[in-house]
Every structure is written in C-alpha cells, then in structure tokens.
Amino acid sequence: MDSSFRPLKMRERELLEKLLEPEFPGRDELRQQLNSVTAKQILEDGTLDLQCDPTYPAPVKCRVPVEGQCPDADGVPIGVVLHVVHGFMNELEIVKYDGSEIRNPPSAHDLVLTVWRFEAGAKLPKPVRVTT
C-alpha cells in the first residue's frame, strides 16, 4: 500500500458509513472494506483517493453505486460520491455543484442518499432516492 495514505478521519468514515446504509449490490462487501480503507486527500474540497485490502471485492453494478447530497451554508448542493473501481472503494468525491468554494463541509447527518440501480434490460442505471 502507498505510504502517503492515512487512516480515515472520523468525519470521512461517517460519510462512508452513511453512504453504505441503503441496500444495493456490493454494499456488504464495501462495508467489509471499511475495516482496511485508508485515504489521501487529493483536492481542497475534501475529495479523497481511497485504498483498501483486496480481500472483499464488491459486485457493484456501476462505478457510482450510491451518492449523497446536502446543502452548503449558501444553499448550493454539495455532492458526496463514492466511486468503486474493479470492486474496490477508489474515491470519495466531494463536489459543490456550482464550482464555488465549500463553506461548510458535508456531514453524514445531513446527507440525502441516491442509490443507482439497473432495471431489468436497462443499459444505464436509474437513480432511486433513499431516505435514511
């Protein structure tokens, strides 16, 4: 593992735990990955590169199986997006949708979640809003 990665901070872990609350394919394996995940902040907005032990690959159906959204202090939405590559947590993306600086970092408590699901025969995933 890359030595520049560090253990998750409490707020980062809480965001990931919140994202992994709703049921979706691969969720249980991603929860197992939380036991070994480490992070490296790559952008000032809080976006993280993630790495974990390659023990529990998650059979997710798309690269972004779940995302959360909450308003910033100015009301502009902030997205918290979990990226999964080859079955493993790869990135926790934090993005303010108007591109301005984030005033108040997102908290797990404020996130409204969306799970991306494929319907039978569909080529693209469909968002399903989840209230947790």
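Numbers here simply count residues along the sequence, with the first being 1.
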Do any N or O atoms from the side chain of [X] and from the backbone of [Y] form a donor-acceptor pair under 3.5 angstrom?
X     : Y      : value
Gln41 : Leu43  : yes
Glu91 : Leu50  : no
Arg11 : Ala108 : no
Gln51 : Ser36  : no
Gln69 : Leu113 : no

Is there side-chain contact between [X] and [Y], with at least one heavy-atom pair below 4.5 Å?
X     : Y      : value
Leu34 : Glu17  : yes
Glu14 : Ser107 : no
Phe5  : Val37  : no

Are [X] and [Y] within salt-bridge range, i.e. N to O under 4.0 Å?
X     : Y     : value
Arg6  : Glu12 : yes
Lys18 : Glu21 : yes
Asp72 : Lys96 : yes

Checklist entry - For Val64, what residues pass the side-chain contact (heavy atoms from CB on, under 4.5 Å) criterion, not counting sequence neighbours? => result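 Counting only residues at least two positions away or on another chain, Val64 forms a side-chain contact (heavy atoms from CB on, under 4.5 Å) with Glu67, Val81, His83, Trp116.
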Next on the checklist: Could you walk me through whether Leu48 and Lys40 satisfy the side chain to side chain contact (heavy atoms under 4.5 Å, CB included) test, starting with their C-alpha distance in whole Å, then the side-chain angles of each, then the deciding distance to 0.1 Å, before giving a yes or no?
Outcome noted: CA-CA 5 Å; Leu48 304 172; Lys40 176 171 56 174; over 6 Å; no
Item to check | Minimum heavy-atom distance Ile78-Pro106, with the two atoms named | outcome: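 It is CG2-CG, 4.1 Å.
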Item to check | Considering all heavy atoms, the nearest Gly68-Leu111 contact | outcome: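 So the minimum-distance heavy-atom pair works out to C-CD2, 3.9 Å.
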Checklist entry - What do the steps show when you test Thr114 against Val66 for side chain to side chain contact (heavy atoms under 4.5 Å, CB included), and what is the final call? => result CA-CA 6 Å; Thr114 299; Val66 62; over 6 Å; no
Item to check | Leu20/Leu82 under side chain to side chain contact (heavy atoms under 4.5 Å, CB included): CA gap, chis, key distance, verdict | outcome: CA-CA 9 Å; Leu20 297 178; Leu82 177 61; 4.0 Å; yes
Next on the checklist: Using a 4.5 Å cut-off between side-chain heavy atoms of Ile, Leu, Val, Met, Phe, Trp and Tyr, which other residues end up in the same hydrophobic cluster as Tyr97?
Outcome noted: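 Its cluster mates, by chain and number, are Val95.
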Item to check | Thr47 vs Asp45, side-chain hydrogen bond (donor to acceptor under 3.5 Å, both in side chains): CA-CA, chis, key distance, verdict | outcome: CA-CA 6 Å; Thr47 294; Asp45 60 13; 2.8 Å; yes
Checklist entry - Can you name the residues that form a side-chain hydrogen bond (donor to acceptor under 3.5 Å, both in side chains) with Asp98, not counting sequence neighbours? => result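 Asp98 satisfies side-chain hydrogen bond (donor to acceptor under 3.5 Å, both in side chains) with Ser100 only.
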Next on the checklist: I'd like to know whether Met89 forms a side chain to side chain contact (heavy atoms under 4.5 Å, CB included) with Leu16, so could you lay out the CA-CA distance, the side-chain angles of the two residues, the decisive distance to 0.1 Å, and finally the verdict.
Outcome noted: CA-CA 10 Å; Met89 289 188 212; Leu16 285 168; 4.3 Å; yes
